[in-house]
Structure formats: C-alpha cells, structure tokens
Amino acid sequence: MKYQIAIIGGGPAGYTAAEAAGKAGLSVVLFEKRSLGGVCLNEGCIPTKTLLYSAKVYDYAKHASKYAVTVPEASFDAAKIVTRKSKVVRKLVLGIKAKLTAHNVNIVTGEATVIDKNTIKCGEETYECENLLLCTGSETFIPPIPGVDTVDYWTHRDALDCKELPASLTIVGGGVIGMEFASYFNSMGVKATVVEMMDEILGGMDKELSALLRAEYAKRGIQFMLSTKVTQIENQMGCITLYCEPAEGGMMTIQAEKLLMSVGRRPVTKGFGLENLNLEVTERRCIKVDEHLQSSVPGVYVCGDLNGVSLLAHTAVREAEVAVHHIIGKEDAMSYRAIPGVVYTNPEIAGVGMSEEALKAAGIPYNTVKLPMAYSGRFVAENEGVNGVCKVLTTEDGTILGVHMLGNPASELIVMAGMAIEDRKTVEDWKRYVFPHPTVGEIFREL
C-alpha cells in the first residue's frame, strides 16, 4: 500500500495534518496505537477542562449569594463528574474520526514502526509513503526520587478518573498541570499541598501574575511549598510521606492520603523506530526542524511535542498545517512569536509574547502598562469581589511585545493579544478597532 503522506500519531498534530492533507486530495494513512485525539483529547486538555468547568459551576453555586441568588446546600457527585468527562471525550473522538473518514484518511490502529523514511510497518502490513510526518507527542516524566516507585502515586491520568475524592492530596510540581488539578481538587474540598522546586509556580508564565494567582489560592486553603526539593517518598501508616528540603535549609515532611506527580512531560522518542532515520538533533537533543517543520531528512516532518519547541496542543495544530502546506507547495512558514499559554484555573491566567523576565534577560527595553480588570464594566458585573490584572509590554513606539492577564475569561481574550503581537500591531492600532460594549475585551482599549 502506497500513500503520499504517512502520519504516526493521532493527536492534535497528527489528526490536523491528516485532515488538511485529505482535504487537499492527497492519499493519507494515519497510525494511532490508542485513541484518536492523543493525550490532549483523551487524557489532557479536554478532560481536565471538563472537570474544571464542573468545579467552576460548583464554585458559583457555593458563592451564589454574592449575586443575590440563593442555592441551598450546593453539592456535587464526583463519580458523575467523571462520567460526564468520559462522555465528552467519546463524543469528540468520534467527531475526529468522522472528519478524517470524510476526507478519505485511512486510519490504522496499532503500533507503527519506521523502517526508513519511505517505509512503515504496522502489524504484518507494510506501508510505503512519499512523505512521513512524525507526531508521537509526549509522555509524563517521573523524576527518579528515592522511594517514588514504592508508593501508589497518581499521574494526571489517574487523577482524571478519581470518583472518590481523597481527604488530602500532595501535588509535586506547580506547573500548568499541577495547578489545574490543585484548582479542581481545592474546589471539591480536598486539602491540597503543592510542592515546587522553583521559586514561583507556573514557571513559563508572568511571575508577578503567577504570584497573585498563588496568593488567591493560598487564601482558599492550598498550601504552597516553593523552592522545595523532594528528597524521598515513602508510605507511613496509610499516608504517603514526602521528605523535603526547603531552600532555607533543614528537612521537613509532608503527609497526604494521595500523591500526584506532575513535574512535566517529555517527547516520546522511543518505540517507533525513530533511530532508523538518523535525524539531526539540537543542543537540547530535540529533533531539529526548519520553518516548514521538515527535519534534516527531506520528506520527513516532525510536528507537535516531538520536536520539543512548544509542548502545546495549539502549537501542534499550527505546525501540522505548515508541514502539509509545504508538502503541497503552498507558501507558509511557522512562527513562534505569539504562542499563547493558558492555565484554566479559576480565575484563569494567560500570556502571549514575551514576558518581563524574558525581555530583561534579552536586554530589550520595554514599557509596562498594568490595568485592573475592573476597568471593564462587564468584568465587574460578572466577578463580584474578584480582582484581575491586564499587563501589556510594549516597545518605545507602542508595538506590543507581550500581554499577560489574570482574570476570567483570559483564555478567550489572549487570542486578540496574540494576533496583535503576530502582526506587530501597536497600542494605537488596537484603539482603532470597535469593541462591542460591554465586554471584558474592552480592557485593551483602556491602555
């Protein structure tokens, strides 16, 4: 069987590439060993946001009196929340399959192995291709902490299927995944502790806004242990005990009923014959790609987490489009200038472009404008007693370099900021647009 494009991995990069290539009239085969949608749809982006929305609705119910609404004895059913999450995932997986089928993509379920750049083997079948796209995604990284393999810890996958909530939970890692689960379990009444080696949570986000988010969740009862290293883990009388070294020295212990390990993810590079391609790698041992996502071997493209540039689903989607466009001869190139980052806590935090920390490190002069989200009437109407911040970083002439927001719905508003940064717009350009009133997005006109 011969195809114009063979794709290994059915996550956001893989299924986007398959659909785009199918629409363009190319013959496509897509290999996926588990479920279409990859980690993002089945174990990451979508299921976590489904749980978090249930938590947000519960939060609104608990605090409905702020809005002059009475909700007597608000409660939740954790098992039904998980069931709804699974239902949402199934529906979306079927939707992806239907779209791919409609564009004549041959979906092969099984473990694919690369023999060479034009040959793939899956099961007993061999497939030939003119172009190969590698979209194998990433996997959870578990650090080699002494004793970690002796305790029954959770990964994000286990936490997503938690139908009986623990009384207490320790989360190792204060990044995006750790904070989203901390938010969820805190809303559900679980006593949560977050242990982070760095001096602030959400290392990739704006430090000032990350600190404000941490302060908000500290008020809600989450304990944060920053600049703290976990040196050993063990079971003690039905609890999981962490031995930790704080930055100031000494030793302390943290105990909880459950432990969630969420220190990060790493690209999947083993198990599918990648070594048979002899691809050039970067200094960080990631696969080197050009602006078209093509590797050092012509006809071999690497999209999504596997290239190690930006381990985000929306980045993978755009990379896949660029790769397919290059294959069909359509002018396009990948830009990483304005990749949004979002943490779906409540409130949300989002950023795009350069941060103050990055600008300082690069020696780039900049101006900072910070506005309270209360400048938006819509925000005040919908966020009783809640504060938020919109921070915009610009050049001397007003060109927008970075935007960072704390407050709902930052995940939706950050799109406008990303478009402005990608197109090198100025603050004055923003002010020429007519925003509907009242919207939270009007905050951008207040600069």
Is there a salt bridge (charged side-chain N to carboxylate O under 4.0 Å, His left out) between Arg318 and Asp332 once you walk through the steps?
CA-CA 11 Å; Arg318 177 65 183 136; Asp332 202 357; 2.7 Å; yes

Any chance you could lay out the side-chain contact (heavy atoms from CB on, under 4.5 Å) test for Leu226 and Asp199, step after step, and finish with the verdict?
CA-CA 5 Å; Leu226 303 180; Asp199 61 357; 5.6 Å; no

Can you list the steps and then say if Lys56 with Asn408 is a side-chain contact (heavy atoms from CB on, under 4.5 Å)?
CA-CA 11 Å; Lys56 185 180 288 187; Asn408 297 332; 4.3 Å; yes

Audit row: Phe31, Phe272, ring-ring contact (aromatic ring centres under 6.0 Å, His included) steps and yes/no:
CA-CA 11 Å; Phe31 301 95; Phe272 62 97; over 10 Å; no

Could you walk me through whether Trp154 and Phe181 satisfy the side-chain contact (heavy atoms from CB on, under 4.5 Å) test, starting with their C-alpha distance in whole Å, then the side-chain angles of each, then the deciding distance to 0.1 Å, before giving a yes or no?
CA-CA 11 Å; Trp154 279 350; Phe181 277 113; over 6 Å; no

Yes or no on side-chain contact (heavy atoms from CB on, under 4.5 Å) for Val172 and Leu259, after CA distance, side-chain angles and deciding distance?
CA-CA 8 Å; Val172 176; Leu259 168 65; 3.6 Å; yes

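Between Arg378 and Val440, the closest side-chain pair of non-hydrogen atoms falls below 4.5 Å. Within the 4.5 Å cutoff, the side chain of Ile171 has no heavy atoms near those of the Val195 side chain. The side-chain heavy atoms of Leu242 and Thr253, taken from C-beta on, include no pair separated by under 4.5 Å. Side-chain contact between Leu260 and Leu169 is present, with at least one heavy-atom pair separated by less than 4.5 Å. For the pair Leu413/Met405, a side-chain contact is recorded, criterion being any heavy-atom separation below 4.5 Å from C-beta on. Looking only at side-chain heavy atoms (C-beta outward), Ile145 and Tyr243 stay at 4.5 Å or farther from each other. For the pair Val302 and Leu293, the minimum side-chain heavy-atom distance is 4.5 Å or more. Annotation: side chain of Pro347 is in contact with side chain of Glu216 (closest heavy-atom distance under 4.5 Å).
Between the CD1 atom in Ile8 and the OG1 atom in Thr136 there is a gap of 8.0 Å [rounded to 0.5 Å]. The distance from atom CE of Met334 to atom CG of Asp290, rounded to the nearest 0.5 Å, is 12.5 Å. Atoms CD1 and CG, on Ile400 and Leu393 in that order, are 10.5 Å from each other to the nearest 0.5 Å. To the nearest 0.5 Å, atom CD of residue Glu128 and atom CD1 of residue Ile115 are 12.0 Å apart. Expressed to the nearest 0.5 Å, how far CD1 of Ile7 lies from CD1 of Ile5 amounts to 6.0 Å. Here the straight-line distance linking atom SG of Cys40 with atom CG of Leu92 works out to 10.0 Å at 0.5 Å rounding.
Looking at Asn42, its side chain does come within 3.5 Å of a backbone N or O of Gly38 through a donor-acceptor pair. The backbone N or O of Pro298 lies less than 3.5 Å from a partner atom in the side chain of Lys117, making a donor-acceptor pair. Not one N or O on the side chain of Glu257 forms a donor-acceptor pair closer than 3.5 Å with the backbone of Cys239. A distance-only check finds a donor-acceptor pair linking the side chain of Asn118 to the backbone of Cys129 [under 3.5 Å]. Under the 3.5 Å distance criterion, the side-chain polar atoms of Ser295 are matched with a main-chain donor or acceptor of Val300. His103 places a side-chain N or O within 3.5 Å of a backbone atom of Lys99 that can act as its donor or acceptor partner. Under the 3.5 Å distance criterion, the side-chain polar atoms of Thr315 are left unmatched by any main-chain donor or acceptor of Leu311. Here the side chain of Thr48 pairs a donor or acceptor atom with the backbone of Cys45 at under 3.5 angstrom. Under a 3.5 Å cut-off, the side chain of Gln223 and the backbone N or O of Thr193 do not form any donor-acceptor pair. Judged by distance alone, the side chain of Thr119 and the main-chain N or O of Asp116 form no donor-acceptor pair under 3.5 Å.
Of all the heavy atoms in Ser183 and Tyr217, the pair that sits closest is OG-OH, 2.7 Å. Across all their heavy atoms, Ala64 and Val71 have their closest contact at CB-CG2, 3.6 Å. Nearest approach of Leu359 to Met354, heavy atoms of both residues: CD2-SD, 3.5 Å. Among all heavy-atom pairs drawn from Ser262 and Ile177, the shortest one is CB-CG2, 4.0 Å. Here the closest non-hydrogen pair linking Ala410 and Glu348 is N-OE1, 3.2 Å. Nearest heavy-atom pair across Pro166 and Cys162 is CD-SG, 4.0 Å.
Shown here is Tyr53, whose OH atom has no more than 12 heavy atoms of other residues, nucleotides or ligands within 6.0 Å. Other residues, nucleotides and ligands place more than 12 heavy atoms under 6.0 Å from the CE atom of Met252. Crowding of Arg220 atom CZ: a count of heavy atoms from other residues, nucleotides or ligands under 6.0 Å exceeding 12. Heavy atoms from other residues, nucleotides or ligands lying under 6.0 Å from CD of Glu111 number 12 at most. A 6.0 Å sphere centred on CE of Met198 holds no more than 12 heavy atoms belonging to other residues, nucleotides or ligands. Around NZ of Lys62, the count of heavy atoms belonging to other residues, nucleotides or ligands within 6.0 Å exceeds 12. Under a cut-off of 6.0 angstrom, the local environment of CD in Glu164 is sparse, with at most 12 non-hydrogen atoms contributed by other residues, nucleotides or ligands.
A salt bridge links Lys85 with Asp161: the closest approach of a Lys/Arg side-chain nitrogen to an acidic carboxylate oxygen falls below 4.0 angstrom. For Glu245 and Lys229, the salt-bridge test fails: no basic side-chain N is under 4.0 Å from an acidic carboxylate O. A salt bridge does not link Lys207 with Glu200: every distance from a Lys NZ or Arg NE/NH1/NH2 to an Asp or Glu carboxylate oxygen is 4.0 Å or more. Ion pairing between a basic and an acidic side chain is recognised when a charged N comes within 4.0 Å of a carboxylate O; Lys360 and Glu357 show no such pairing. Look at Lys121 and Glu125 and you find no salt bridge, because none of the NZ, NE, NH1 or NH2 atoms lies under 4.0 Å from a carboxylate O. Using a cutoff of 4.0 Å between basic side-chain nitrogens and carboxylate oxygens, Lys49 and Glu180 are scored as salt-bridged. Between Glu208 and Lys391, at least one side-chain N (NZ, or NE/NH1/NH2) sits under 4.0 Å from a carboxylate O, which counts as a salt bridge. With respect to the salt-bridge test (charged N to carboxylate O, under 4.0 angstrom), the residues Arg337 and Asp423 do not qualify.
Side-chain N/O atoms of Glu319 and Tyr336 include a donor and acceptor closer than 3.5 Å. If you check the side chains of His292 and Tyr301, you find no donor sitting under 3.5 Å from an acceptor. Under the 3.5 Å distance criterion, with hydrogens and angles disregarded, no donor-acceptor pair is assigned to the side chains of Tyr15 and Glu32. A donor-acceptor pair shorter than 3.5 Å cannot be found between the side chains of His404 and Asp206. A side-chain donor-acceptor contact under 3.5 Å links Thr140 and Arg265.
Between Tyr58 and Phe76, the two ring planes are perpendicular [angle over 60°; tilted spans 30° to 60°].
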